[in-house]
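Index from 1, following the sequence.
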Amino acid sequence: MDHKIMPHHIRQPMQKPPVQPKEAEPKTSGTSFQSVLNKTLEESPELKISKHAEKRLQERGIEVASETWEGIHERVKEAKSKGVNDSLVLTNDAAFVVSADNETVITAMARDEAGSQLFTNINGAIIIDE
């Protein structure tokens, strides 16, 4: 008995899906994301204040003029460029621990209160004469 194998179905060649036209990619100006980010960070208009520092400023009634904040921020950026990570910043009326890396005030206290404190984990000091 001769048995012939008969295909149960005939395979059709696979058809490729229709090709969709590519959308035009946005043109870049040749400026890298990193360079734009660096420029934005350098031009950050304000020193950031952590929630903890904000609470301390309010609790202790410490008020700082905007010109003083600007001066602190400039000096913090300068310290950061020289490798400082965390700094003690002293003004006539207050003392701050500032992260130069993040340009953020970590804590704040009145200057007279700072005299009895021990500051650790800082590698720079900034004195602001107002």
Side-chain angles (χ1 to χ4, degrees):
M1 223 169 129
D2 263 336
H3 291 296
K4 292 186 178 181
I5 299 175
M6 301 292 288
H8 292 287
H9 65 286
I10 299 175
R11 289 188 178 192
Q12 297 290 327
M14 286 186 62
Q15 294 182 358
K16 294 181 182 177
V19 176
Q20 298 293 326
K22 288 186 177 182
E23 293 182 25
E25 292 184 22
K27 294 183 180 182
T28 60
S29 64
T31 305
S32 74
F33 172 78
Q34 187 64 47
S35 65
V36 171
L37 177 63
N38 288 343
K39 184 176 180 188
T40 301
L41 291 174
E42 289 172 2
E43 295 174 353
S44 177
E46 295 181 0
L47 189 63
K48 295 179 276 291
I49 301 174
S50 70
K51 296 280 186 195
H52 173 80
E54 188 176 333
K55 183 178 177 183
R56 295 293 177 258
L57 288 166
Q58 290 174 354
E59 287 175 352
R60 295 168 173 153
I62 301 169
E63 294 184 16
V64 181
S66 61
E67 301 84 33
T68 303
W69 281 126
E70 290 170 13
I72 292 170
H73 192 201
E74 287 305 311
R75 297 294 303 277
V76 166
K77 289 192 289 187
E78 180 183 347
K80 181 180 178 179
S81 74
K82 294 182 179 193
V84 173
N85 298 322
D86 294 302
S87 182
L88 173 64
V89 177
L90 298 174
T91 68
N92 293 342
D93 301 319
F96 308 95
V97 175
V98 180
S99 167
D101 284 338
N102 303 330
E103 297 180 15
T104 303
V105 177
I106 297 170
T107 194
M109 65 194 72
R111 179 69 184 263
D112 59 344
E113 186 181 359
S116 63
Q117 298 295 317
L118 174 65
F119 296 93
T120 60
N121 298 325
I122 61 170
N123 65 338
I126 300 171
I127 300 172
I128 305 289
D129 288 323
E130 299 172 273

Close side-chain approach of Phe119 and Asp86, heavy atoms under 4.5 Å: no
Contact check, side chains of Ile128 and Arg75, non-hydrogen atoms, under 4.5 Å: yes
Of all the heavy-atom pairs spanning Thr104 and Leu47, show the shortest one and how long it is. N-CD1, 4.2 Å
Spell out, as yes or no, whether a donor-acceptor pair under 3.5 Å connects the side chain of Arg111 to the backbone of Thr91. yes
How long is the straight-line distance from OG1 of Thr68 back to CD of Glu70, given to the nearest 0.5 Å? 9.0 Å
Which heavy atom in Asn85 sits nearest to a heavy atom in Asn123, and how many Å separate them? N-OD1, 2.9 Å
Quick check against the 3.5 Å criterion: does Lys80 have a side-chain atom that pairs as donor or acceptor with the backbone of Glu103? no
Is the number of heavy atoms from other residues, nucleotides or ligands within 6.0 Å of CD (Glu59) greater than 12? yes
Asn92 atom CG, over 12 foreign heavy atoms within 6.0 Å: yes
Common cluster, Ile72/Val84, ILVMFWY with side-chain heavy-atom separation under 4.5 Å: no
Candidate list Val76, Leu88, Val64, test side chain to side chain contact (heavy atoms under 4.5 Å, CB included), partner Phe96, passing option: Val64
Main chain of Ile106, side chain of Ser50: is a donor-acceptor contact present, judged purely on distance under 3.5 Å? yes
To check you understand the geometry: which heavy-atom pair defines the closest contact between Ile62 and Ala94, and what is its length? CG2-CB, 3.9 Å
Mind checking whether Arg60 and Met109 have side chains closer than 4.5 Å, heavy atoms only? yes
Heavy atoms only: give me the nearest Ile126-Ala79 pair and the separation to one decimal. CD1-CB, 4.1 Å
With clusters defined by side-chain heavy atoms of hydrophobic residues (ILVMFWY) lying less than 4.5 Å apart, directly or transitively, does Val97 cluster with Val105? no
When rounded to the nearest 0.5 angstrom, what is the spacing between CD in Glu54 and CZ in Arg56? 12.0 Å
Indicate, with yes or no, if Ile122 and Val89 share a hydrophobic cluster defined by side-chain heavy-atom contacts under 4.5 Å among Ile, Leu, Val, Met, Phe, Trp and Tyr. no
